[in-house]
Amino acid sequence: MSLFDISPRMFEVEIKGERSKRVLEGILTNIVEVEVKRKGENRTGYIVGTRNGDIILRTTERFEKGKKYEFRFTSERGIIMFETSVKDEIEGSNPPLLILESPDSLKICERRRYMRIKVNKSSEVIIKRDSGYALFCSLLDISLGGFSVYMSVKDRMIEYFLPMLNEEVGFTIRIKDKKTELDGRAILKHYSLGADGKYKAGFNFSKVDKKTLQKIISLITKKEKQISKK
């Protein structure tokens with residue numbers, strides 16, 4: 001999933017001024033792959049270090065000097081987002097090495113906001129194979145990229161109900177205590193059989209309404225905060 005699929009509203013932490021420079025310098029001690037966006041056009045590149053407070057970007061594409069671009073990359077803390085402009089290009093570099101101005105601020109989407117979040121097992125998922133068979137499961141966790149479920153399937157019924165690896169299926173997720181539903185399509189990426197006789201399966205979203213998904217994650221995260229304060 002592209003980092004630009006994550007809504008700017010998910011970036012709750014903002015760091016400004018000299019502190020943002022120190023944070024970036026601490027993160028950018030190693031080569032970092034970044035996604036870049038301007039006017040709906042997505043690109044990729046690598047931040048290979050810093051120099052005199054500026055950022056050095058290696059890329060195979062040309063960027064316009066003085067124009068602002070949005071950058072996103074992942075770190076241990078979460079997804080980092082900032083905007084800055086291209087200052088110059090290091091002469092003779094091949095592939096091009098661009099000098100980016102140090103950003104005035106950066107925003108962070110904490111890992112808990114896009115990593116998998118545990119869900120109350122009373123919430124359910126209906127897996128709907130295109131063959132017509134449906135399977136009722138308990139929702140285990142969910143993220144912006146997919147979800148995991150527990151399911152009870154008798155061995156002789158696996159071929160009918162359990163999707164094959166990389167098979168795309170329809171699904172409905174019901175967060176019962178929030179009276180919220182999410183419909184879409186997903187791809188089975190892995191499954192395993194536990195000692196309790198239940199299967200655990202992980203799915204990646206292939207088609208989903210992002211606004212509803214973000215609403216569900218926000219509701220679950222808010223509920224977790226309330227529980228932790230008790």
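Since we're looking at a predicted model, the values are computed, not measured. What's counted below: heavy atoms across the whole structure, side chains too, no hydrogens, waters or symmetry copies.
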Closest heavy-atom pair and its distance - Ile55, Pro103: CD1-CD, 3.9 Å

NZ/NE/NH1/NH2 to OD/OE distance under 4.0 Å, Lys16 and Asp104: no

Phe73 CZ: over 12 foreign heavy atoms closer than 6.0 Å: yes

Beyond-backbone contact of Lys189 with Asn166, side-chain heavy atoms, under 4.5 angstrom: yes

Pairwise side-chain contact, Lys68 with Thr84, heavy-atom cut-off 4.5 Å (strictly under): no

Side-chain heavy-atom pair Leu57, Ile47 within 4.5 angstrom cut-off: yes

Rounded distance [0.5 Å steps], CD in Glu12 versus CE in Met10: 7.5 Å

Rounded distance (nearest 0.5 Å) linking atom CD1 of Ile175 with atom CD of Glu181: 10.0 Å

Arg19, CZ: over 12 other non-hydrogen atoms inside 6.0 angstrom: no

Cluster overlap Ile79 with Val34, hydrophobic side-chain contacts below 4.5 Å: no

Considering all heavy atoms, the nearest Ile90-Ser93 contact: O-OG, 2.7 Å

Salt-bridge present (Glu18, Lys21; N to O < 4.0 Å): yes

Nearest heavy atoms of Thr59 and Thr44, plus distance in Å: OG1-O, 3.7 Å

Nearest heavy-atom neighbours spanning Leu213 and Leu144: CD2-O, 3.7 Å

Reference residue Phe203; test side-chain contact (heavy atoms from CB on, under 4.5 Å); the match among Val125, Leu188, Ile142: Leu188

Atom pair CD/CD of Glu101 and Glu83 - distance to nearest 0.5 Å: 12.5 Å

Test item: Thr50 and Leu24 side chains (from C-beta on) under 4.5 Å apart, heavy atoms: no

Beyond-backbone contact of Thr212 with Asp183, side-chain heavy atoms, under 4.5 angstrom: no

Side chain proximity check, Ile56 to Ile99, heavy atoms < 4.5 angstrom: yes

Joint hydrophobic cluster, Leu100 plus Val23, side-chain heavy atoms closer than 4.5 Å: yes

N-O pairing of Arg185 and Glu168 below 4.0 Å: yes

Option among Ile80, Ile27, Val13 that satisfies the side-chain contact (heavy atoms from CB on, under 4.5 Å) test with Leu106: Ile80

Straight-line distance of Ile187 CD1 to Lys207 NZ, nearest 0.5 Å: 13.0 Å

Lys/Arg N to Asp/Glu carboxylate O, Glu70 vs Arg72, below 4.0 Å: yes

Distance (rounded to the nearest 0.5 Å) between Ile127 CD1 and Ile173 CD1: 8.0 Å

Lys NZ or Arg CZ of Arg43 over Phe63 ring: under 6.0 Å, within 45°: yes

Asp209, CG atom: more than 12 neighbouring heavy atoms under 6.0 Å: yes

Salt bridge (Lys or Arg N to Asp or Glu O under 4.0 Å) evaluation trace for Glu124 with Arg174: CA-CA 5 Å; Glu124 68 178 11; Arg174 291 175 178 163; 3.0 Å; yes

Glu61 CD to Leu98 CG distance, which is reported to the nearest 0.5 Å: 10.5 Å

Same apolar cluster: Phe71 and Val32, side chain cutoff 4.5 Å: yes

Shared hydrophobic cluster for Leu135 and Tyr191 (ILVMFWY, side-chain gaps under 4.5 Å): yes

Pairwise side-chain contact, Phe11 with Ile6, heavy-atom cut-off 4.5 Å (strictly under): yes

Arg129 side chain reached by Met164 side chain, heavy atoms, under 4.5 Å: yes

Lys128 atom NZ, neighbour heavy-atom count above 12 within 6.0 Å: yes

Minimum heavy-atom distance Phe82-Ser105, with the two atoms named: CB-O, 3.6 Å

Shared hydrophobic cluster for Leu165 and Tyr199 (ILVMFWY, side-chain gaps under 4.5 Å): yes

Least distance between heavy atoms, Gly53 atom then Glu25 atom: CA-OE2, 4.3 Å

Side-chain (Tyr133) to main-chain (Pro163) donor-acceptor, under 3.5 angstrom: no

